[in-house]
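See below for the structure under consideration.
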Protein chains: 2
Amino acid sequence: MSTLANKIERYIKEMMAAAEKNCLELKRKDLAEVFSCVPSQINYVLETRFRDEQGYHVVSRRGAGGYFQIIRLEVADNKEMKNLIAAVSETEMDFKKAEGFLGRLLEEAVINRNEYMLIMSMINRESLSSAAETEDRVRAAMMKNVLITLLRADY
Amino acid sequence: MSTLANKIERYIKEMMAAAEKNCLELKRKDLAEVFSCVPSQINYVLETRFRDEQGYHVVSRRGAGGYFQIIRLEVADNKEMKNLIAAVSETEMDFKKAEGFLGRLLEEAVINRNEYMLIMSMINRESLSSAAETEDRVRAAMMKNVLITLLRADY
DNA sequence: AATAAAAAGATCAAAAATAGTCAAAGAAAA
DNA sequence: TTTTCTTTGACTATTTTTGATCTTTTTATT
């Protein structure tokens, strides 16, 4: 039913939740073996589901004894808050990036599912199609205002 | 002598009723196989019988593992709501008008105060300034999608 | 110490698996 | 007969999966 990539994503997130750590170290080859797939499939999952704007940072080492680490970035962290603000202050934001960013806010419970759906419906490509070549600029402005609103003391 | 399109429509509606779910997920290819027709026939059915103003919203994903979802909207036989969707679907909407519209939704408790603030921050003139002369068209598209989202039976 | 071999992981593009679009052909209704 | 609705298929777009090739790091050999 679900794709292999989805299964690997779920597996990694469950591992992290179970370990109650925000850092998980794995071997690419082993993980690929668990799912009987080519190792580069793991890279695909990391690139599409564990990007910085999605709230995860990945580091790795090659060579014998190589591995990769997935580090969950917590919004509560002061430094992360700055990163977030920097991210939304960018003047352009494509849909993929905004989606990752909102997914993260949802995972961190900064927004609830309904708010996630609402915001997504407003920033999707269809909503902004009339904006033509300014689509990503409009989306960036919207995302910035979303964050400002969420941070308002009286929200 | 019902058409193929009618049969597919009935099949989908029966599936939804039977599952007592507000949301049904199917694979276009599989469904086409069930009815021994070309996949694009499924699109025809969705476009002619499951449009927003008919009380259903469809989302889909392409690619390996692709699918489409049919989501029931809580407009039931509310003709007025369907008309409202149709109306919002075509119009341009300036900020004042959108503000009035959202004010009513707030008063009628369709949205809460936080959702109101969030939506307002995204449709205000500043957010849409980059859209230039298409501002009102973008706002209308956003408002339509807000309405669809609020009406989703699974919201 | 220098070099070669082995053991990882990264990259990138091709192939596979879906879904969407659009226009033409066919069928049914007016 | 004209118009509208349905069916089909060729072409396009998107996402995932796979594999060949490249890079980095460690380990073994000389």
Side-chain angles (χ1 to χ4, degrees), chain A residues 1-13 23-54 56-71 94-100 103 120 124-129 132 135-136, chain B residues 1-13 23-54 56-71:
Chain A
M1 198 54 170
S2 192
T3 62
L4 175 56
N6 285 149
K7 286 181 193 137
I8 296 173
E9 175 189 5
R10 217 177 312 134
Y11 178 85
I12 291 173
K13 288 185 175 170
C23 182
L24 183 62
E25 186 170 311
L26 293 166
K27 286 186 155 305
R28 188 179 81 148
K29 196 165 71 76
D30 292 352
L31 191 49
E33 219 151 79
V34 168
F35 287 95
S36 312
C37 64
V38 294
S40 56
Q41 174 75 351
I42 307 303
N43 294 83
Y44 177 71
V45 173
L46 296 179
E47 280 155 25
T48 54
R49 281 119 163 118
F50 293 91
R51 299 180 65 81
D52 284 359
E53 65 263 28
Q54 292 165 325
Y56 296 89
H57 188 69
V58 178
V59 295
S60 67
R61 270 183 74 84
R62 302 185 185 191
Y67 61 87
F68 67 88
Q69 283 182 337
I70 302 180
I71 300 143
D94 66 24
F95 177 68
K96 279 281 166 224
K97 188 158 185 181
E99 183 183 32
M120 284 287 280
N124 68 24
R125 296 205 179 98
E126 188 214 318
S127 277
L128 301 185
S129 62
E135 175 185 331
D136 291 356
Chain B
M1 184 70 90
S2 191
T3 64
L4 175 56
N6 283 331
K7 284 180 193 141
I8 297 173
E9 175 189 5
R10 215 176 315 130
Y11 178 86
I12 291 173
K13 288 184 175 169
C23 181
L24 183 62
E25 186 171 311
L26 293 167
K27 286 183 161 302
R28 187 179 81 148
K29 195 169 68 79
D30 291 353
L31 192 49
E33 219 152 77
V34 169
F35 288 94
S36 312
C37 63
V38 294
S40 58
Q41 174 75 352
I42 307 303
N43 294 83
Y44 176 70
V45 174
L46 296 180
E47 281 154 25
T48 55
R49 283 123 163 113
F50 293 90
R51 299 178 64 80
D52 291 341
E53 59 270 29
Q54 292 167 328
Y56 296 90
H57 186 67
V58 178
V59 296
S60 67
R61 268 181 80 83
R62 300 185 186 190
Y67 60 85
F68 67 89
Q69 284 181 336
I70 301 180
I71 300 145

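Predicted model, so just to flag it, every value in this text is computed and none were measured. Letters A, B, ... mirror the listed sequences (proteins, then strands); counts begin at 1.
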With side chain to side chain contact (heavy atoms under 4.5 Å, CB included) as the criterion, how do A:S60 and A:R28 come out once you've worked through the C-alpha distance, each side chain's angles and the decisive distance to 0.1 Å?
CA-CA 10 Å; A:S60 67; A:R28 188 179 81 148; over 6 Å; no
Between the base of C:dA8 and the side chain of A:R28, is there any donor-acceptor pair under 3.5 Å?
no
Tell me if the side-chain of A:R62 makes a donor-acceptor pair with the base of D:dT25, cut-off 3.5 Å, by modelled atom types.
no
Would you say A:E99's side chain and A:N124's backbone share a donor-acceptor pair under 3.5 angstrom?
no
A:Q54 side chain vs A:F50 backbone, donor-acceptor pair below 3.5 Å
yes
To the nearest Å, how far apart are [X] [atom1] and [N] [atom2]?
X	N	atom1	atom2	value
A:I42	D:dT18	CD1	C1'	13 Å
A:E126	D:dT14	CD	C1'	17 Å
B:L31	C:dA19	CG	P	10 Å
A:Y67	C:dA10	OH	C1'	15 Å
B:F35	D:dT8	CZ	P	13 Å
B:E9	D:dT7	CD	C1'	16 Å
B:E33	C:dT18	CD	P	10 Å
B:E47	C:dA19	CD	P	15 Å

What's the closest nucleotide to the side chain of A:K29 if the choices are D:dT8, D:dT16, C:dG9?
C:dG9
So what does [X] touch, heavy atoms closer than 4.0 Å: a base, only the sugar-phosphate, or nothing?
X	answer
B:F68	nothing
B:L4	sugar-phosphate
A:S60	sugar-phosphate
A:R125	nothing

Of B:Y44 and A:R49, the one whose nearest nucleotide on DNA chain D sits closer to the 5' end is B:Y44
B:G63 or B:Q41: which one's nearest nucleotide on DNA chain D is closer to the 5' end?
B:Q41
Does atom CZ of B:R49 have more than 12 heavy-atom neighbours from other groups under 6.0 Å away?
yes
Nearest heavy atom decides the nucleotide; on that basis, is A:N43 or A:A64 closer to the 5' end of DNA chain C?
A:A64
Please confirm whether the shortest side-chain N or O distance from A:R61 to OP1 or OP2 of C:dA10 is below 4.0 Å.
no
What verdict does the side chain to side chain contact (heavy atoms under 4.5 Å, CB included) test give for B:I12 and B:Y56, after you've listed the backbone C-alpha separation in whole Å, the side-chain angles of each residue and the deciding distance to 0.1 Å?
CA-CA 11 Å; B:I12 291 173; B:Y56 296 90; over 6 Å; no
